[in-house]
Participant: 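Got a structure for you, written out below as structure tokens; questions coming shortly.
Just so it is clear: chains get the letters A, B, ... in the order the sequence lines come, proteins before strands, and each one is counted from 1.
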Amino acid sequence: MDEIAILGVGMHPWGKWGRNFAEYGVKAARDALSDAEVGWDEVQFVSGANSVRCGYPGYVSASTFANALGFTGCQLASSYAACASGATALSIARAQILSGVCDVALVVGAESTPKGFFAPNAGERHEDPDWLRFHLVGATNPTYFALYARRRMELYGDTSEDFAAVKVKNSRHGVFNPNARYTKEYDVDDIANSPMVADPLRLLEICATSDGGAALVVSSLEWAASRGVDNPVRVSGISTVSPTYPNSVIELPYLASDSWAAVGDETMTFKDNIASRAYEEASVSPDDLDFAEVYDLSSAYELDWYEHIGLCERGDAAKLLRAGDTSLGGRIPVNPSGGLGAFGEAVPAQAIAQVCEMVWQLRGEAGQRQVDGAKVGLSINHGMFGHGSSVICTR
Amino acid sequence: MAAVEGLFTLDPDEPRLIGGRARSRGSYFFPKALAGSDPACLGDEIDEVLLSRTGELWSFTTGEYAPPAPYVIPGDEFEPYVVAAVRLAEENLVVLGQVIPGVSVDELSMGMEMELVIDVLYSDDEHDYLVWKWAPVAKNRNGEE
């Protein structure tokens with residue numbers, strides 16, 4: 001797959017301020033432009049990752065951000081794919097660049113989130129799985145995370161201590177991240193003493209909802225070279241795949257899994273396929289990775305990702321964790337940024353923030369959370385209803 | 001009355017979920033309206049079928065905090081509840097549901113046989129709004145004796 005260059009990255013720190021989401025996006029965009037040494041008037045295309053929690057301006061995010069930066073007549077696209085929105089917005093920018101429509105683009109996502117559980121849109125919709133799961137079952141997002149966590153315990157012998165250890169690890173990484181919302185280092189007792197939310201997961205193990213913004217300036221490799229940037233961080237693969245039928249795992253926000261009665265194969269899941277596509281595009285394998293940024297919606301969920309991205313066989317993730325392999329300084333650090341455990345989730349910004357971290361790592365600018373000699377990074381997540389999201393960056 | 005029509009029957013003895021089945025392909029769906037997810041079903045007729053009443057416990061958890069609307073808190077105060085995901089015996093389909101009140105997670109284990117019952121989700125002055133819930137077969141049948 002042809003590559004594009006990432007010239008600049010920027011973030012608004014994660015937190016809970018309740019301000020206009022456009023402010024966060026603009027701050028991130030200005031930082032990314034400054035980092036790239038690219039003028040706003042040079043940007044030919046803005047790809048916005050939408051928010052569904054910030055009113056109409058959130059549904060037309062590219063024009064909201066462009067307006068806030070000053071309308072220049074550049075081309076716009078606004079897209080929504082739940083947690084995958086950032087990767088989708090980047091994929092659109094890549095397509096515009098590789099097809100020759102533009103040379104340089106800005107990708108931005110930002111959100112201002114309400115307190116508490118994410119809830120469905122208002123209204124009564126009997127055909128909307130998201131509405132049905134709340135109304136009929138009281139199944140919140142942590143319900144699904146906990147169902148997966150319980151299966152790990154039953155199938156692989158993972159323990160509550162293992163899950164807590166993921167949060168401890170990520171909190172140690174997050175201490176070094178100026179953009180993280182939570183920079184306290186937790187120990188296992190802190191987690192064991194936090195309230196149970198969805199058995200076996202406790203409050204400190206479940207990703208919070210956060211405000212934040214993240215942005216990327218991307219260009220063709222030729223345009224980068226014309227600016228004297230000969231060795232940029234490159235986007236080498238992007239996966240935005242759907243699930244492949246039948247998916248035997250019950251995914252957010254559905255009431256039921258697919259049936260595998262007619263097909264009889266439950267070996268490959270949606271989340272395996274997300275990573276496979278990214279590896280294929282980038283022509284790299286799990287062995288080539290120096291680090292990964294994975295979507296730790298819960299502590300236990302991070303362990304699922306180790307297996308989905310091929311760091312180990314299914315069921316062996318806790319062994320990697322216990323051996324320290326996925327800590328900073330280990331064989332394959334996971335979530336050197338601190339992950340969602342340290343950030344909480346700002347939905348449309350999160351996949352972009354993962355890419356920001358990859359860029360800092362690959363440039364050797366990650367400070368005390370630097371993965372030594374990092375050359376290849378992978379980020380992965382998925383958007384509710386079935387949007388895959390994975391980006392591989394190389395340098 | 002059913003909290004949402006068309007998803008389950010209200011047969012007091014043998015309530016069932018109402019699903020879909022692709023006529024030639026044979027795949028099952030719940031709810032029926034989601035029958036699109038099997039690409040081989042494109043153009044296939046989707047028949048309405050009653051799904052198995054029993055299955056194996058696939059996983060389970062609790063809801064310790066009150067969910068936001070459209071969840072309706074039954075009664076005056078929120079009570080934590082248990083949620084089960086049950087793999088239906090015949091269809092190989094995992095379906096979510098609350099577990100009947102009075103069953104704690106300590107009484108549940110993976111693979112345990114569960115069955116579908118009808119219970120009250122919430123009530124107002126006029127109606128009880130009903131929903132399917134999962135009950136451990138052993139406990140449920142003991143309860144009837």
Participant: Kindly compute the distance separating OG (B/Ser109) from CZ (A/Arg150), expressed to the nearest 0.5 Å.
Facilitator: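 One gets 10.0 Å once the value is rounded to the nearest 0.5 Å.
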Participant: When only pairs under 4.5 Å are counted, which of B/Gly97, B/Gly6, B/Ala84 shares the most heavy-atom pairs with chain A?
Facilitator: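 Looking at each option in turn, the highest pair count goes to B/Gly97.
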Participant: Whether the side chain of A/Ser259 engages the backbone of B/Ser27 through a donor-acceptor N/O pair (distance < 3.5 Å, no angle test) should be reported.
Facilitator: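 Here the side-chain-to-backbone pair does not exist.
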Participant: Counting N and O atoms only, with roles assigned by atom type, does the side chain of A/Ser257 sit under 3.5 Å from a partner on the main chain of B/Val94, one being a donor and the other an acceptor?
Facilitator: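 Looks like yes, one N/O pair under 3.5 Å.
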Participant: Between B/Trp132 and chain A, with a heavy-atom cut-off of 4.5 Å, which part of the residue counts as in contact: side chain, backbone, both or neither?
Facilitator: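 Side chain only.
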Participant: Compare all side-chain heavy atoms of B/Val95 with those of A/Ile250 and state whether any distance is below 4.5 angstrom.
Facilitator: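 No, too far: nothing below the 4.5 Å cut-off.
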Participant: In terms of heavy-atom proximity below 4.5 Å to chain A, should B/Tyr122 be classed as side chain, backbone, both, or neither?
Facilitator: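 Interface part for B/Tyr122: side chain.
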Participant: Report yes or no: does B/Gln98 contribute a side-chain atom to a donor-acceptor pair with the main-chain N or O of A/Val137 at less than 3.5 Å?
Facilitator: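 Yes; judged by distance alone, with no hydrogens or angles, the pair exists.
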Participant: A/Leu132 versus chain B, heavy atoms under 4.5 Å apart: side chain, backbone, both or neither?
Facilitator: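 The answer is the side chain of A/Leu132.
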Participant: Is there a donor-acceptor pair closer than 3.5 Å between any side-chain N or O of A/His135 and the backbone N or O of B/Tyr71?
Facilitator: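 Such a contact is absent between A/His135 side chain and B/Tyr71 backbone.
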Participant: Could you tell me which of A/Ala119, A/Pro129, A/Gly138, A/Ala146 has the largest number of non-hydrogen atom pairs under 4.5 Å with chain B?
Facilitator: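 When all of A/Ala119, A/Pro129, A/Gly138, A/Ala146 are compared, A/Gly138 has the most.
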Participant: Evaluate the side-chain proximity of B/Met110 to A/Arg151: yes if any heavy-atom separation is below 4.5 Å, no if none is.
Facilitator: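 A/Arg151 reaches B/Met110 side chain to side chain.
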